[in-house]
Structures are given as structure tokens and as C-alpha cells.
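All residue numbers in this chain count up from 1 along the given sequence. Worth saying up front: this structure is predicted, and the values here are computed from it rather than measured.
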Amino acid sequence: MPANAALGWLSAGWSDFRAGPASSIAYGVFLVLLSYAILWGLYSAGLLYLALPTISGFLIVGPFFAIGLYEKSRALEQGETISLWRMLWVRRVPFSQLAFAGLMLGILVLFWIRIADLLYALFFGLTPFPGAEDAFVNVLTTVRGWMLILVGSAVGGLFAAFAFALSLFSIPMIMAERRDALTSLGLSFAMTNQNLRVALAWGAIVAGGLAFSVVTGLLGLAIVFPVLGHGTWHAYKSIRRFAE
């Protein structure tokens, strides 16, 4: 499948967003509030320096939080209308498998955050943590900090690519095909690997959307996330049709 197919997925996601935009925007606003709550929790625990790894980890668990958006896209395919309540309380899905997949993806995020913590300790030593503000200064204004950014980007890129491949199609597959979580995670990895060019293009679009959301103080997430969520559903459907 050509890489420019990702633009078609984005366009389809935008079309689904515009079909009853209030429900999609409300869904996105809820996610923004949840993101603020997580950042506040990190701040309260003195772990704000892990904000960037946590935000990047959103690429991994994002497909799980988009369940309601997938449901809306599926309903629109069938010519149905859908309310916000139905998006928030999705019926006729294997909740146990979705929960297990979400748990696995959550563990991956925690693992990545732990790796980021260890990398900081590797470059700056096992000294008492100076606080979030000083940690950012250390990273951005020192040679060791620049090396940390280079190594962290390399390690994080490899980890993110692996985790993104596992998560990209697994949740839509569980919803559409009623497969178990482990099979869906494995098939998602295989589908991504077999359609690498278009998957990389879609990953770049997702990363760009996340970067825009960060620049806007996460407010942009209220629109970016629903559009990408709808688009991911169409990505899954398109890849499955292409494979057949």
C-alpha cells in the first residue's frame, strides 16, 4: 500500500469528525482533562521531569483511549447516528480482551518511563534528584544533557516503533473481529511490518498531531485526537481490505 494512503485515512477521519462534531469534540475535551490530571499527578509527586516521556508514551496507549471514536466510525459506516453516551459506553465488545490489551499497553508505557528515568541517572549519576526545573536545565544546557537527548531519542525511537506497531491496529481488531488481545497485538505488529511505508507515514502524522497538541498546551488534543482516532479506524479497515 502506498505511503500517501495515510492522507486518505486522515481525510476519512476528518469526515467522521465533521459528522456530528459535538460528540467527537466532547470526547477530545475529556481526554484533555484526563491529560491535565495526569500531569498534575506527576507534579504533585515531584515527577514532573517525566512529563515528556509520559506524553510520548501516549502514542502507545492512544489507540486504547480511542475506543469510543472507533465505535462512532463503525456506526457511521453502517449509516447509523451515535450519541456521546454510546461512545463513552460502547456495547457489544469483548471488554475483558480490551482491558487485557489496555493493561499490556499500559505496562509498555510504564516500562518506557522507567527507561527514561534510568537514562537520566546514567548520565547525571545516582544523586538526589534536583527537581523538575533544574532537571530540564541540566538536559538542555549541558553536554551530558545533549548526549542524553541523543541517546534517549535513539532508544526511545526504537521502543516507540515496536510499541506503536503492537498498538496501532490491535484495539480496532478486537472490536471488529472479536479476537483475543494477544492475537490482536501480534497481528497488529505483523500488519504494520507488512505495510511499513504507509504505517510510517501514519506514524509521522500522529507524531505531528501530538507535537501540535503539546505546542498548544494540550488544548489542540481536543480536535487532533478525535480526528486521528477516526482515522486509525479507517487505517485498520483499509489494511484489512488490502490484505484480502
Taking atom [atom1] of [X] and atom [atom2] of [Y], what is their separation to the nearest 0.5 Å?
X      : Y      : atom1 : atom2 : answer
Ile239 : Leu168 : CD1   : CG    : 8.5 Å
Arg74  : Ile82  : CZ    : CD1   : 8.5 Å
Phe64  : Ser170 : CZ    : OG    : 10.5 Å

Do [X] and [Y] have side-chain heavy atoms sitting under 4.5 Å apart?
X      : Y      : answer
Glu71  : Trp233 : no
Glu177 : Tyr236 : yes
Phe169 : Leu187 : no

Going through the distances and angles, do Gln97 and Arg178 end up as a side-chain contact (heavy atoms from CB on, under 4.5 Å)? CA-CA 9 Å; Gln97 296 303 320; Arg178 304 296 195 271; over 6 Å; no
Considering all heavy atoms, the nearest [X]-[Y] contact:
X      : Y      : result
Thr232 : Pro172 : CG2-CG, 4.5 Å
Ser24  : Leu69  : OG-CD2, 4.4 Å
Gly13  : His234 : N-CD2, 4.2 Å
Ile205 : Leu228 : CG2-CD2, 3.9 Å
Ser188 : Ala165 : OG-O, 2.6 Å
Ile171 : Tyr70  : CG2-CE1, 3.8 Å

Please work out whether the ring planes of Phe225 and Tyr27 are parallel, tilted or perpendicular, with thresholds of 30° and 60°. parallel
Compute the ring centroids of Phe189 and Phe162, then answer whether they are less than 6.0 Å apart. yes
Salt bridge flag under 4.0 Å for residues Arg86 and Glu80: yes
Restricting to ring-ring contact (aromatic ring centres under 6.0 Å, His included), what partner residues turn up for Phe212, sequence neighbours left out? none
Test ring-ring contact (aromatic ring centres under 6.0 Å, His included) applied to Phe17 - qualifying residues, sequence neighbours left out: Trp14
Side chain of Asn195, backbone of Val198: donor and acceptor closer than 3.5 Å? no
For His230, does its backbone N or O pair with a side-chain atom of Lys72 as donor and acceptor, under 3.5 Å? no
Stepwise side-chain contact (heavy atoms from CB on, under 4.5 Å) check, Ile67 with Met87: CA-CA 8 Å; Ile67 290 173; Met87 291 173 65; over 6 Å; no
